[in-house]
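Some notes on the structure that comes next.
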Amino acid sequence: MSDHSPLYIQNSLTREKELFTPLNAPYVGMYVCGPTVYSNVHLGNVRTFLTFDIVYRYLSFLGYQVRYVRNITDVGHLTGDSDDGEDKIGKKARLENLEPMEIVQKYTNDFHDVMRIFNIKSPSIEPSATGHIVEQIEMVKQIITRGYGYESNGSVYFNVRKFNEDFPYGQLSGRKIDDLLSNTRVLDGQDEKNDPLDFALWKKADASHLMKWPSPWSEGFPGWHLECSVMSTKYLGNSFDIHGGGMDLKFPHHECEIAQNAGATGECNSVGYWMHGNMLTVNGRKMAKSEGNGFTPDELITGNHKLLERGYTAMTVRFFMLQGHYASTLDFSNDALQAAEKGLGRLIKAVQALKDLAATASEHNPDANIDELAKRCETAMGDDFNTPILISVLFDAVKLINNIHDGRVAISANQKDALQNLVHGYFFEVLGLQLEDDASGDSTDEAESLLDLLVQLRSDAKSNQDWTTADSIRQALSDLGVTIKDGKDGSTWNRD
RNA sequence: GGUCCGAUGGCCGAGUGGCUAGGCUCAGCUCUGCAAAAGCUGCUACAGCGGUUCGAAUCCGCUUCGGACCUCCA
């Protein structure tokens, strides 16, 4: 790690870009809030997991041993903040006529499928909330013991005001307790709370509630924020390096998480670096299920959505997302996607050309400054994972590759190796891009031989100046989605 | 209403005081029977108005517009 450029991370807690120094190098602990598995994930969700996939990949690339924990929220949390709200998984179970845990399994599977097609790596540990009910009850007890929690009618709430006397509440989200109070809406079922600012640690379940567990206070279920407090510290320790999640989780979720951990242990700031990924927008608005503007990956690939002109591959979308910085909002549009598709295509061609590059120079050619390219790549990623800049450097590498390929620049064998290592390292390992979709692997050797034959026939026709035959073959293949490319050294074909 | 963030060329999207991304589009060129593809080259923008400064897209103020959070949310 020491021979790499420094890594700076924008810390949401301090609002500063800080030098990354792990608590116990070379080990790094990272926790990311995962999905609530009561429906299909959409591309907005994918963006966040992609963001932390890059963090995970780059830290690994630098040589850190990362323990990456990403949870599955499978407890049915309420649809609203009121006691009469139905829990989401229970509601979905009724709608689909399934057991709640069938819902959980179904959408967990869907989530995993989606992660796979976007080439997002699996975490080291993927704990689920229902698997940690015991630990959650224990943490509630600790919080009560320290005086920051109280029972009310079978439910347990966190005493925010009391906590705020001993610790700064609202630091992460930049909220002041008095401002919060004046803006708190009056909601149903809050009479159990001593204060509207308080949030639930444990909720008593009513008779119709499907997912519930015994506890010292009632048959019920844990509050939403509790699971992450418990699972992060269980697997990473009371203090760990990075905690990530979507911007929309900053408040109240992460704020409450911080309060719970401090309230349970008596120690504040257990997380070194808080990172928040920004939202994916559609026509300038946040992609959300409630807005009806959320694409599922399936709709994206098939193009079967009213806002999509056609389908795009998962890699196109991955590349598109990485062309924006994770901390900025990114707007999803057909034009932007088409631009990304073409750009990625050019990048892929250069990566493919790389292996056939000739190393014709007997000695080092200073015109091909690969060390400088490598330096720029590291600086880009070291500056808060700036993938857009990294990609721009890779396009400079593309230009170099093409120049070498076309014989305008000659490089030595050592330079060729360096260039290959550089491009492969950043393209495949850091950015996690793939050459083509696995889904398109339906072509057979036979079909390819037939295409080669047709192209050969056309070349023969061309040499006989039989333009009619040549053009009709070209047109016929074009209609089938195969493009013929005439080059200096003969013709080749490509599927669209 | 409160808190915070943003406005960059035809489009997308980096960049936080002087050097200035990158992709797509477009134009020119190379190649070519023609075309396509590919490659090369070119295209100097920072919402408006004021201020600070030798110098501002970048800092400060105001205005306009947009968004996020404040409730489940990636």
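Every chain is numbered from 1, with letters handed out A, B, ... down the list of sequences.
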Answer yes or no: is there an ion pair linking A:Asp87 with A:Lys212, defined by an N-O contact shorter than 4.0 Å?
-> no
Winner on side-chain proximity to A:Leu330, out of B:G13, B:C69, B:C34, is B:G13
Distance test, side-chain N/O of A:Lys286 to OP1/OP2 of B:C69, below 4.0 Å | yes
From the candidates B:A74, B:A14, B:G33, the one with an atom nearest any side-chain atom of A:Met287 is B:A74
If you measure from the C1' atom in B:C46 to the same atom in B:A14, how many Å do you get, rounded?
-> 12 Å
With sequence neighbours left out, the residues meeting side chain to side chain contact (heavy atoms under 4.5 Å, CB included) with A:Asn164 are A:Tyr169, A:Ile177
Mind checking A:Arg285 for me? I need base, sugar-phosphate or nothing, with any heavy atom below 4.0 Å counting as a touch.
-> sugar-phosphate
What does the list of N/O pairs under 3.5 Å between the protein and nucleotides 43-46 of chain B look like, with a distance for each?
none

For A:Phe395 and B:G23, do the ring centres fall under 5.5 Å apart while the planes stay under 30° apart?
-> no
Rounded distance (Å) that lies between atom P of B:G13 and atom CZ of A:Phe332 | 12 Å
With sequence neighbours excluded, tell me which residues meet side chain to side chain contact (heavy atoms under 4.5 Å, CB included) with A:Ser173.
-> A:Arg175, A:Phe251, A:Glu255
Using only side-chain N and O atoms of A:Ser328, determine if any of them is under 4.0 Å from OP1 or OP2 of B:G13.
-> no
Please confirm whether A:His132 and A:Tyr235 have ring centers closer than 6.0 angstrom.
-> yes
Close approaches to RNA chain B from residues 41-48 of chain A, in residue order (heavy atom, under 4.0 Å) | A:His42, A:Gly44, A:Asn45, A:Thr48
Contacts of A:Asp471 that satisfy salt bridge (Lys or Arg N to Asp or Glu O under 4.0 Å) - sequence neighbours left out = A:Arg474
Given atom CG of A:Asp335 and atom C1' of B:C24, what is their separation to the nearest angstrom?
-> 9 Å
In whole angstrom, give the distance that lies between atom NE2 of A:His225 and atom C1' of B:U71.
-> 10 Å
Interatomic distance, A:Leu172 CG vs B:U3 P [rounded to whole Å] | 18 Å
Can you tell me, in whole Å, how much space there is between the P of B:G55 and that of B:G18?
-> 14 Å
Would you say the side-chain atoms of A:Ser124 pair up with the backbone N or O of A:Tyr68, donor to acceptor, closer than 3.5 Å?
-> yes
Under the side-chain hydrogen bond (donor to acceptor under 3.5 Å, both in side chains) rule, collect the residues that match up with A:His225, sequence neighbours excluded.
-> A:His253
Under 4.0 Å between any heavy atoms, over every strand shown, what does A:Asp471 touch: base, sugar-phosphate, or nothing? Just pick one.
-> base
Given the P atoms of B:A21 and B:G61, what is the spacing between them in whole Å?
-> 29 Å
Complementary nucleotide of B:U53, counting Watson-Crick and G-U pairs under 3.5 Å = none
Nucleotide B:C12, atom C1' - distance to NE2 of A:His325 in whole Å | 17 Å
Contact class for A:Leu280 vs. all strands (heavy atom < 4.0 Å): base, sugar-phosphate, or nothing?
-> base
Can A:Arg161 and A:Asp195 be counted as an ion pair, charged N to O under 4.0 angstrom?
-> yes
Does A:Ser122 offer a backbone N or O that forms a donor-acceptor pair with the side chain of A:Arg70 under 3.5 Å?
-> no
Pairing partner of B:C34, by Watson-Crick or G-U wobble and under 3.5 Å for both distances, is none
Take atom C1' in B:G22 and the same atom in B:A35, then report the distance between them in whole Å.
-> 30 Å
Any pair counted as salt bridge (Lys or Arg N to Asp or Glu O under 4.0 Å), so long as it reaches residues 386-397 of chain A, sequence neighbours left out | A:Arg376-A:Asp396
For A:Arg376 and for A:Phe320, find the nucleotide of RNA chain B with the closest heavy atom, then tell me which residue's nucleotide is more 5'.
-> A:Phe320
Just jot down the side chain to side chain contact (heavy atoms under 4.5 Å, CB included) partners of A:Glu16, sequence neighbours excluded, or say none.
-> A:Thr14, A:Glu18
Could you work out which one of B:A21, B:A74, B:G33 sits closest to the side chain of A:Ser392?
-> B:A21
Return the nucleotide paired to B:U3: Watson-Crick means purine N1 to pyrimidine N3 with N6-O4 or O6-N4, wobble means G-U with N1-O2 and O6-N3, both under 3.5 Å.
-> B:A68
Return a table of donor-acceptor pairs under 3.5 angstrom between the side chains of residues 278-287 of chain A and protein atoms on other chains or two or more places apart.
| unit_1 | atom_1 | unit_2 | atom_2 | d |
| --- | --- | --- | --- | --- |
| A:Asn278 | ND2 | A:Ala327 | O | 2.8 |
| A:Thr281 | OG1 | A:Leu330 | O | 3.2 |
| A:Thr281 | OG1 | A:Asp331 | OD1 | 2.6 |
| A:Lys286 | NZ | A:Asp248 | OD2 | 3.3 |

Which protein N or O atoms sit under 3.5 Å from an N or O of nucleotides 36-40 of chain B?
| unit_1 | atom_1 | unit_2 | atom_2 | d |
| --- | --- | --- | --- | --- |
| B:A36 | N1 | A:Asp486 | N | 3.3 |
| B:A36 | N1 | A:Asp486 | O | 3.3 |
| B:G39 | O2' | A:Asp406 | OD2 | 3.2 |
| B:G39 | O2' | A:Arg408 | NH2 | 2.8 |

Closest to the 5' end of RNA chain B, once A:Lys462 and A:Pro388 are matched to their nearest nucleotides, is A:Pro388
Could you pull out all residues at least two apart from A:Asp110 that satisfy side-chain hydrogen bond (donor to acceptor under 3.5 Å, both in side chains)?
-> none
What is the distance, rounded to the nearest whole Å, between atom CD1 of A:Ile120 and atom P of B:A74?
-> 14 Å
Take atom CG of A:Asp396 and atom C1' of B:A21, then tell me their distance rounded to the nearest Å.
-> 9 Å
Using whole Å, report how far OH of A:Tyr326 lies from P of B:G13.
-> 18 Å
Hey, is the side chain of A:Asn386 poking within less than 4.0 Å of OP1 or OP2 on B:G15, counting only N and O atoms?
-> yes
Note, A:Val317 side chain near A:Phe295 side chain (heavy atom, < 4.5 Å) = no
Contacts of type side chain to side chain contact (heavy atoms under 4.5 Å, CB included), residue A:Val271, not counting sequence neighbours | A:Phe240, A:His243, A:Trp274
Side chain of A:Ala339 - closest among B:C69, B:C24, B:C12 | B:C24
To the side chain of A:Arg474, which of B:A74, B:G22, B:A35 is closest?
-> B:A35
Nearest-angstrom distance, P atom, B:U8 to B:A57 | 15 Å
Separation between the C1' atoms of B:A38 and B:G6, rounded to whole Å | 39 Å
Could you let me know what B:C29 is paired to, Watson-Crick or G-U wobble, both distances under 3.5 Å, or none if it's on its own?
-> B:G39
Paired nucleotide for B:G22 [Watson-Crick or G-U wobble; both distances under 3.5 Å] | B:C12
Can you tell me how far C1' in B:A27 sits from the matching atom in B:G9, rounded to whole Å?
-> 16 Å
